[in-house]
Enquirer: 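I am attaching a structure below and will ask some questions about it afterwards.
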Protein chains: 2
Amino acid sequence: MFTRYGFNHTSLSQILATTGLTKGGFYFHFKSKENLALAVIEALKECWAKEILPKLKEGKDARENLKLMFSAPGDCCNSSEGIRPTILLLNLATEMLEVNDKFSTMLSQIIKDWWTILEAIIEQGKSEDIFRSDLDNQSVAAIILCNVMGANLLALLNKEPAFYNRQLSSFERVLFIGIEKN
Amino acid sequence: MFTRYGFNHTSLSQILATTGLTKGGFYFHFKSKENLALAVIEALKECWAKEILPKLKEGKDARENLKLMFSAPGDCCNSSEGIRPTILLLNLATEMLEVNDKFSTMLSQIIKDWWTILEAIIEQGKSEDIFRSDLDNQSVAAIILCNVMGANLLALLNKEPAFYNRQLSSFERVLFIGIEKN
DNA sequence: CACAAAACAGACCCATCGGTCTGTTTATTC
DNA sequence: GAATAAACAGACCGATGGGTCTGTTTTGTG
């Protein structure tokens, strides 16, 4: 619901109604509505870590690992029915960043985690001698990150979830031309 | 205020208080709060068109025109004090897309406009013989679009407006390597 | 099976939300 | 300068927001 209607436009009553829970139950487990959203982010982070990190340790080459990172934002948390975790992240960023520091901290931490992993993969590609050695890991990682974010948003705006995968694979081609050792 | 706190987290009372307007005055000019946001988008669109389109007709080459498009989201509407129109767009997309069809229509129209212009610039680059002729205009344009969106978001998350320009110029380098005729 | 703590249910609360409505003031036109 | 419409002011309204509080039920433990 947060992903669909945004955090502030989803009332607790609506959440309770659709889940069949009650206020008493809810406020026993969560201090506030904001706290629920924070828990959702936390869960998202854990879920993503649990699903992606192991795959990255399977010893694939940098190319494959990058592709893995591309599919991650869509795959994680069984988001097959169009629940795009990245959109939630995006929404909470634009709604809550200036309102509550906790959101600011958590969200930028997630991004930083992704960033670090992407950097590591670029570095891996260099040592595997498939990426150009003059690349700035951080910059390339940032470009990838931007694309993943943007592609999610455009998929949302187009109301066409499949757009994301199409976009990412076309980005992949151009990116590889730019970073691979010729 | 919409950019900072999101549409739903900005109350009309707050808007009236900070602008010094009154409800009577406001509702004489706007049918609703949503209508105000739509007017903001419209204004943004016009402002951008008025500022960017003329520059695109100055007869610069495709490279220069692309750079122009990169700086557009930050430049337009005198957003020097950190008001990033793109963030507003992003926020309204995640908050209002599923709520009100008008937002959906207007926002995706803006994106489509950008897209079309970017495609034209890629095509221009081909005919100027500086971009590879095998490029798919639409795909490359989409990649650029994604990057612009993503870079805005990352600048927001990093709470560092300057990030946007840094990011875009580093993207520029990689992009040009990928699309330019060697 | 007693009994305490954990978990849940939902009536209730007040602040505030977007929006309306009845004035009053300011422009415009003849 | 009277008449009329445009523009504004702000008291007011019902609805709903997140959140509290007083119970009741369930669960674990001796």
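Labels below follow one simple rule: chain letters A, B, ... track the order of the sequence lines, proteins then strands, and each chain is numbered from 1.
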Enquirer: About how many Å separate CD1 of B/Ile117 and CG of B/Leu56, when rounded to the nearest 0.5 Å?
Expert: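 One gets 6.0 Å once the value is rounded to the nearest 0.5 Å.
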Enquirer: Report yes if at least one side-chain N or O of B/Ser32 is closer than 4.0 Å to OP1 or OP2 of C/dG18; otherwise report no.
Expert: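 Answer is no, no contact under 4.0 Å.
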Enquirer: Compile the donor-acceptor pairs under 3.5 Å between side chains in residues 135-144 of chain B and protein atoms, sequence neighbours left out, one pair per line.
Expert:
| residue | atom | partner | partner atom | Å |
| --- | --- | --- | --- | --- |
| B/Asp136 | OD2 | B/Ser139 | OG | 2.5 |
| B/Asn137 | OD1 | B/Lys126 | NZ | 2.8 |
| B/Asn137 | ND2 | B/Glu123 | OE1 | 2.7 |

Enquirer: Measure the distance from CZ on A/Phe30 to P on C/dA7 and round it to the nearest whole Å.
Expert: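 Going from A/Phe30 (CZ) to C/dA7 (P), I get 12 Å.
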Enquirer: Do A/Lys33's NZ or CZ and the ring of A/Phe7 fall within the cation-pi criteria of under 6.0 Å and 45°?
Expert: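 Geometry flag: set, cation within 6.0 Å and 45°.
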Enquirer: Rounded to whole angstroms, how far apart are CG on B/Leu12 and C1' on C/dT20?
Expert: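 After rounding, the reported distance stands at 13 Å.
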Enquirer: B/Tyr27 has an atom OH; how far is it from atom C1' of D/dC13, in whole Å?
Expert: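 Going from B/Tyr27 (OH) to D/dC13 (C1'), I get 13 Å.
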Enquirer: Any sub-3.5 Å donor-acceptor pair from A/Arg84's side-chain atoms to A/Pro161's backbone N or O?
Expert: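 Answer holds: yes.
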Enquirer: C/dG19 C1' sits how many Å from B/Leu36 CG, rounded?
Expert: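 Distance check: B/Leu36 CG to C/dG19 C1' gives 14 Å.
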Enquirer: A/His9 NE2 to D/dA15 P: how many Å, rounded?
Expert: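 So the NE2-P distance, A/His9 to D/dA15, works out to 18 Å.
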Enquirer: Nearest whole angstrom, please: distance from the P of C/dC17 to the CG of B/Leu16.
Expert: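 Result: 10 Å.
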Enquirer: Under a 4.0 Å N-O cut-off, is there an ion pair linking A/Arg166 with A/Glu160?
Expert: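 Salt bridge between A/Arg166 and A/Glu160, a charged N being under 4.0 Å from a carboxylate O: yes.
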Enquirer: By nearest nucleotide on DNA chain D, pick out whichever of A/Ser11 and A/Lys31 is the more 5' one.
Expert: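 Comparing both residues, the 5'-ward one is A/Ser11.
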Enquirer: Given 3.5 Å as the limit, does a donor-acceptor pair link the side chain of A/Glu95 with the main chain of A/Gly6, or not?
Expert: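 No; judged by distance alone, with no hydrogens or angles, the pair does not exist.
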Enquirer: Is any side-chain nitrogen or oxygen of A/Ser13 closer than 4.0 Å to OP1 or OP2 of D/dT16?
Expert: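 No, A/Ser13 has no side-chain N/O under 4.0 Å of OP1/OP2 on D/dT16.
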Enquirer: Tell me: CD1 of A/Ile15 to P of D/dT16, nearest whole Å?
Expert: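 A/Ile15 atom CD1 is separated from D/dT16 atom P by 17 Å.
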Enquirer: Quickly work out the B/Lys33 NZ to C/dG19 C1' distance and round it to whole Å.
Expert: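 Going from NZ in B/Lys33 over to C1' in C/dG19 covers 12 Å.
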Enquirer: I need the single residue from A/Thr94, A/Leu90, A/Ile110, A/Ile111 that forms a side-chain contact (heavy atoms from CB on, under 4.5 Å) with B/Leu157. Which is it?
Expert: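 The single option meeting the side-chain contact (heavy atoms from CB on, under 4.5 Å) with B/Leu157 is A/Ile111.
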Enquirer: Under 3.5 Å between N/O atoms: give me all the protein pairs with nucleotides 7-10 of chain D, atom names plus distance.
Expert:
| residue | atom | partner | partner atom | Å |
| --- | --- | --- | --- | --- |
| D/dC8 | OP2 | B/His29 | NE2 | 2.4 |
| D/dA9 | OP2 | B/Thr22 | OG1 | 3.1 |
| D/dG10 | N7 | B/Gly24 | N | 3.2 |
| D/dG10 | O6 | B/Gly24 | N | 3.1 |

